[in-house]
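First the structure, in the form of structure tokens, and then the observations on it.
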Protein chains: 2
Amino acid sequence: MKTDKQKRLEAAGFKIGTADDFLKLTPAESELVTLRLCLAHDVRRRRIALHFTQADLARRLGSSQSRIAKLEAAETDVSLDLLFRAMFATGAKRREVGRLIAAV
Amino acid sequence: MKTDKQKRLEAAGFKIGTADDFLKLTPAESELVTLRLCLAHDVRRRRIALHFTQADLARRLGSSQSRIAKLEAAETDVSLDLLFRAMFATGAKRREVGRLIAAV
DNA sequence: TTGACATATGTCAGAATTGACATATCGCTT
DNA sequence: AAGCGATATGTCAATTCTGACATATGTCAA
């Protein structure tokens, strides 16, 4: 879900850093980018806390190690669906996920 | 993102109601279904509160009226990506979305 | 070094999701 | 009843996302 703006900038040689909206993203776009980043980060955090390898989590999800690597790197071809399924596959409940998302 | 179990049951003539896991869903599946339902419901609630028609919201999202109808009905071919983009397009912030998701 | 294990990166054909469109149905006013 | 605006439902070609695979890179111990 790469925006046109992101595509243009990346074509020009720029990369998205951890900061969010120093590019002129609409508020909605910015919220979405941040959401993806914090989910990706938390999947990794939770996976490691469980002493799972990426392959372990992939097996649990019916996915593959390479896709988990991309997911944790928040690559643009990873869907929110997969991110949430990964969260839930690490045992997260809605309450925890909600708290994560709500955190400023 | 229809699970095999859901597919089997629906093939046998059953329909998913508003209740969640009276079918034998794994906890992860159940969390995902509930998440989708409450997002879909809240998009409609927020849209109506803004006095938007489905077509209005669709325009704002670069989508179409029919897709918004499907989204609000939580049809299975609607992605979480679209659900979240719709939430943000109604002006929701992560904090509100998080609270919604965390709510029991 | 070598080997073993974990993670990263690139590719691709198949699957899922998309917006667009047509059309049906509903609710409401005249 | 007829007209109108809003919503629902079905279809489909194009786009996006997917798991699988190959392979590269990194890390650590023997």
Side-chain angles (χ1 to χ4, degrees), chain A residues 1-7 10 15-16 18 28-29 32-33 35-37 39-90, chain B residues 1-7 10 15-16 18 28-29 32-33 35-37 39-90:
Chain A
M1 237 300 302
K2 191 174 287 195
T3 66
D4 291 340
K5 274 171 195 155
Q6 286 171 340
K7 278 180 190 157
E10 291 183 61
K15 275 286 171 204
I16 310 297
T18 53
E29 288 169 337
L32 197 60
V33 170
L35 174 62
R36 293 172 52 85
L37 288 176
L39 285 171
H41 186 268
D42 217 57
V43 167
R44 162 161 283 174
R45 191 185 63 73
R46 296 180 61 89
R47 172 180 66 79
I48 291 175
L50 291 169
H51 304 292
F52 279 9
T53 65
Q54 290 182 343
D56 291 334
L57 180 54
R59 202 170 318 113
R60 208 172 246 243
L61 264 173
S63 183
S64 62
Q65 178 269 324
S66 61
R67 190 132 292 274
I68 302 300
K70 286 159 191 164
L71 183 156
E72 292 183 354
E75 292 195 12
T76 53
D77 70 345
V78 174
S79 70
L80 279 182
D81 293 72
L82 194 61
L83 280 159
F84 276 94
R85 288 200 289 121
M87 282 296 284
F88 294 139
T90 65
Chain B
M1 236 298 304
K2 191 173 287 197
T3 66
D4 291 339
K5 273 172 197 154
Q6 284 171 341
K7 279 181 191 157
E10 290 183 59
K15 275 286 171 203
I16 309 297
T18 53
E29 288 169 336
L32 196 61
V33 170
L35 174 62
R36 293 172 51 85
L37 287 176
L39 285 170
H41 186 267
D42 218 56
V43 166
R44 163 162 282 174
R45 191 186 62 74
R46 296 180 60 89
R47 171 179 68 78
I48 290 174
L50 291 169
H51 305 291
F52 279 9
T53 65
Q54 292 180 342
D56 291 334
L57 180 54
R59 202 171 318 114
R60 208 172 245 245
L61 264 172
S63 184
S64 62
Q65 177 269 324
S66 61
R67 190 132 293 274
I68 302 299
K70 285 159 192 165
L71 183 156
E72 292 183 353
E75 293 195 10
T76 53
D77 70 344
V78 174
S79 71
L80 279 183
D81 294 71
L82 195 61
L83 281 160
F84 276 93
R85 288 200 288 121
M87 282 294 284
F88 293 139
T90 64

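In what follows, chains are A, B, ... by sequence order, proteins preceding strands, each numbered from 1. Keep in mind that the numbers below use all heavy atoms, side chains included, and drop hydrogens, waters and symmetry copies.
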How do R67(B) and R47(B) order along DNA chain D: which one's closest nucleotide is nearer the 5' end?
-> R47(B)
If you measure from the Lys or Arg side-chain nitrogens to the Asp or Glu carboxylate oxygens, is any gap between E72(B) and R44(B) under 4.0 Å?
-> yes
What about S64(B), does its side chain sit under 3.5 Å from the base of dC21(C) through a donor-acceptor pair?
-> no
Rounded to the nearest 0.5 Å, the CZ atom of R46(B) sits from the CZ atom of F88(B) at a distance of 10.0 Å
Look up atom CG in L39(B) and atom CE in M87(B), then write down how far apart they are to the nearest 0.5 Å.
-> 6.0 Å
Would you mind classifying the nucleic acid contact of I68(A) as base, sugar-phosphate or nothing, using non-hydrogen atoms under 4.0 angstrom?
-> nothing
Ignoring hydrogens and angles, are the base of dG10(C) and the side chain of K70(A) linked by a donor-acceptor pair under 3.5 Å?
-> yes
Look at S63(B) and dG19(C) and indicate whether a side-chain polar atom (N or O) is within less than 4.0 Å of OP1 or OP2.
-> yes
State whether R44(B) places a side-chain N or O below 4.0 Å from either non-bridging phosphate oxygen (OP1 or OP2) of dA8(D).
-> yes
Any stem touching DNA chain D, meaning at least three consecutive Watson-Crick or G-U pairs under 3.5 Å, ordered by first number, would be C:1-30 with D:1-30
Donor/acceptor link under 3.5 angstrom from Q65(B) side chain onto base of dA8(D) = yes
Side-chain N or O of S66(B) closer than 4.0 Å to phosphate OP1/OP2 of dA22(C) | no
